[in-house]
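Report on the following structure.
Numbering of residues begins at 1 and proceeds along the displayed sequence.
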Amino acid sequence: MLNWILNQFKRQSAEDLERAREMVKAAERGHSHPDLGKARDVARTLGIEVDVHASAEQLIQAIRRYLARHGEM
């Protein structure tokens, strides 16, 4: 049972990291303007503290720094 619970956390973490990577890549390509709500949601799931008034671009930069620090980019 404990292994199942731990696997769920690992899977969620991998899915969250993938969402973050895709969001950063899309912003770098300039294909789409990042959605503020989605960027804020991704930042929260990763545990990134963000200002309430942060723009989508600031959130993308914070996510990019998080991924770079954790070797996930």
Side-chain angles (χ1 to χ4, degrees):
M1 180 72 168
L2 181 59
N3 286 333
W4 180 82
I5 293 170
L6 292 175
N7 283 335
Q8 295 303 310
F9 283 120
K10 288 179 187 175
R11 186 176 337 166
Q12 179 186 9
S13 177
E15 291 170 359
D16 293 340
L17 289 171
E18 185 60 31
R19 279 180 56 202
R21 281 193 289 274
E22 289 300 318
M23 184 171 285
V24 169
K25 287 177 186 176
E28 287 174 350
R29 288 189 305 260
H31 288 260
S32 63
H33 187 69
D35 180 11
L36 181 60
K38 289 181 182 180
R40 190 174 307 282
D41 182 47
V42 168
R44 277 192 206 120
T45 60
L46 295 175
I48 300 171
E49 292 187 31
V50 293
D51 186 353
V52 175
H53 304 291
S55 68
E57 289 80 18
Q58 290 171 323
L59 291 168
I60 293 295
Q61 290 174 356
I63 293 168
R64 184 181 292 122
R65 283 191 304 269
Y66 175 89
L67 293 172
R69 269 194 319 266
H70 291 87
E72 296 292 338
M73 198 60 196

Quick one: pull up [atom1] in [X] and [atom2] in [Y] and give me the separation to the nearest 0.5 Å.
X: Leu59; Y: Ile48; atom1: CG; atom2: CD1; answer: 8.5 Å
X: Ile63; Y: Asp16; atom1: CD1; atom2: CG; answer: 10.5 Å
X: Leu46; Y: Asp41; atom1: CG; atom2: CG; answer: 9.5 Å

request  = Side-chain contact test, heavy atoms from C-beta onward, threshold under 4.5 Å: evaluate it for Val50 versus Gln58 and give yes or no.
outcome  = no
query = Considering only heavy atoms from C-beta outward, does the side chain of Arg19 approach that of Met23 to under 4.5 Å?
reply = no
Closest heavy-atom pair and its distance - Leu17, Tyr66 = CD2-CE2, 4.0 Å
remark   = For Ala54 and Leu36 the tightest heavy-atom approach is O-CD1, 3.6 Å
query = Any ion pair linking Glu28 and Lys25 (charged N to carboxylate O, less than 4.0 Å)?
reply = no
